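As structure tokens, the structure follows; a few thoughts come after it.
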Amino acid sequence: MSAALPATARRVGISTISFRFRPLQEALSLIERIGAVEVDLGAIPAVTDHVPVPFTGNPQQYVAALAAHGLTAGAVNSDVGPLNDPALDEEALAATVRPLVELAAATGAALVVPCGGPSWEAHVDDEADLTRCVENLRAISRLCGERDVRLLVEVLHHRRWVHDVVRADRVLDALGPQEIGLLLDTSHVVASGDDVVAWARKHAQRVERVHLRDAVPGDLNLGIGRGDVDFRGVLGALEAGGFTGTYVLELETHDVEESEREADAQRSFDEIVALLDEVAVARA
């Protein structure tokens with residue numbers, strides 16, 4: 001990718017999840033063609049096998065694949081298990097996390113995990129489940145720290161136990177920025193019926209990575225511009241709050257034909273780059 005690429009375009013990445021039904025090499029080729037230079041590597045078994053979990057592969061193969069397309073990895077976006085489930089023991093968690101940490105270390109990426117299992121219902125009760133989540137996130141943070149990998153937590157996730165701002169704020173109150181960074185996903189906040197601009201403004205100084213997708217309450221799989229997410233408001237709140245990281249298009253969308261997915265991703269990339277330019281000009 002040309003060194004002349006505008007700075008704003010360099011801050012808009014694309015997750016391989018956007019092309020989750022394509023082989024990894026094809027997904028990387030498409031992302032390169034669109035013009036992004038940074039990716040998230042999808043490691044979520046229910047979504048894609050770009051990075052299989054449990055991961056038993058060779059991290060250097062991913063390093064080479066990224067380099068071949070002129071891309072860098074900002075994050076390995078993973079699912080390491082239901083962190084609020086008392087049946088998930090420390091040994092099993094570590095066995096899943098360590099290989100992903102090695103992949104993240106090799107590619108220079110952060111490790112992303114969601115918060116809690118795939119149900120809004122507690123395994124025990126709210127207090128016990130919150131404590132279990134926090135303990136497991138601390139354990140993952142320690143494992144990441146052994147390899148100088150940053151742990152980013154998608155704290156608010158519409159399809160996980162921590163599905164709204166009330167629970168998400170409690171997790172953030174329990175874990176400081178020295179332990180975890182915050183990944184904000186616009187679609188999950190809106191799908192849960194919460195105010196994404198207000199939450200972005202509240203936590204702007206803790207947000208270290210952003211996933212962009214559109215949503216309406218109850219549906220988080222919409223393409224950019226086809227839902228209720230106020231992208232201008234989110235970008236404006238984060239930029240005003242000092243965010244300097246990457247906005248990642250995670251287009252796990254269900255409202256576009258597969259044959260049209262590349263064109264829709266290109267449109268989305270161009271629109272977010274233009275919007276980020278406009279926000280930068282407005283703040284100048």
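Just so it is clear, the values below take in all heavy atoms, side chains as well, and ignore hydrogens, waters and symmetry mates. Note that the coordinates shown come from a computational prediction; the quantities given were computed from them, not determined experimentally.
For the pair His50 (side chain) and Arg22 (backbone), a donor-acceptor distance under 3.5 Å is present. Side chain of Asn221 to backbone of Glu252: a donor-acceptor contact under 3.5 angstrom is found. In this structure, Asp129 contributes its side chain and His123 its backbone to a donor-acceptor pair below 3.5 Å. One N or O on the side chain of Asp214 and one on the backbone of Gly225 form a donor-acceptor pair closer than 3.5 Å. Listed for the Asn84 side chain is a donor-acceptor partner under 3.5 Å among the backbone atoms of Gly117. Side-chain N or O atoms of Ser78 include one that pairs as donor or acceptor with a backbone N or O of Val112 at under 3.5 Å. The main-chain N or O of Cys144 is never found under 3.5 Å from a side-chain atom of Arg98 such that the two would form a donor-acceptor pair.
Both Val76 and Val97 belong to a single network of hydrophobic side chains, linked directly or stepwise wherever heavy atoms of I, L, V, M, F, W or Y lie under 4.5 Å apart. Under the 4.5 Å side-chain heavy-atom criterion for grouping Ile, Leu, Val, Met, Phe, Trp and Tyr, Leu111 is connected to Leu83 within one hydrophobic cluster.
There is a side-chain donor-acceptor pair under 3.5 Å between His158 and Ser192. If you check the side chains of Thr48 and Arg20, you find no donor sitting under 3.5 Å from an acceptor.
Here the CG-CD1 distance, from Leu249 to Ile224, works out to 5.5 Å after rounding to the nearest 0.5 Å. Within the model, atoms CG of Leu93 and CD1 of Ile140 stand 4.5 Å from one another, a figure rounded to the nearest 0.5 Å. With values rounded to the nearest 0.5 angstrom, Cys115 atom SG is found 10.5 Å from Leu182 atom CG. Taken to the nearest 0.5 Å, the CD1 atom of Ile14 stands 7.5 Å off from the CD atom of Gln266. In this structure, CD1 on Ile31 lies 6.0 Å from OG1 on Thr16, to the nearest 0.5 angstrom. Annotation: the span from Leu88 atom CG to Thr96 atom OG1 amounts to 7.5 Å, rounded to 0.5 Å.
With Val113 as the fixed residue, the side chain to side chain contact (heavy atoms under 4.5 Å, CB included) test singles out one of Leu137, Val155, Asp79: Leu137. With respect to Thr253, the side-chain hydrogen bond (donor to acceptor under 3.5 Å, both in side chains) criterion is satisfied by exactly one of Arg213, Arg261, Arg226: Arg261.
Salt-bridge check for Arg160 with Glu154: failed, with every basic side-chain N at 4.0 Å or more from each acidic carboxylate O. Between Arg132 and Glu135 there is a salt bridge, with a side-chain nitrogen of the basic residue lying less than 4.0 Å from a carboxylate oxygen of the acidic one. Salt-bridge annotation for Arg209 and Glu38: present, with a side-chain N of the basic residue lying under 4.0 Å from a carboxylate O of the acidic one.
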Which pairs would a plain distance check flag for residues 165-178, meaning a side-chain donor or acceptor within less than 3.5 Å of a matching protein atom at least two apart in sequence or in another chain?
from	atom 1	to	atom 2	distance (Å)
Arg167	NH1	Trp120	O	3.1
Arg167	NH1	Trp161	O	2.7
Arg167	NH2	Asp126	OD1	3.2
Asp169	OD1	Trp199	NE1	3.0
Asp169	OD1	His203	NE2	2.7
Asp169	OD2	Lys202	NZ	2.7
Arg170	NH1	Glu127	OE2	2.8
Arg170	NH2	Glu127	OE1	3.0
Arg170	NH2	Glu127	OE2	3.3

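You'll find the side chain of Leu41 reaches within 4.5 Å of the side chain of Leu24, heavy atoms only.
Shown here are the side chain to side chain donor-acceptor pair (under 3.5 Å) partners of Asn136, two or more places apart in sequence or in another chain: there are none.
Pairs passing the ring pair (Phe, Tyr, Trp, His ring centres under 6.0 Å) check and including a residue from residues 245-284, sequence neighbours excluded, read Phe243-Tyr247.
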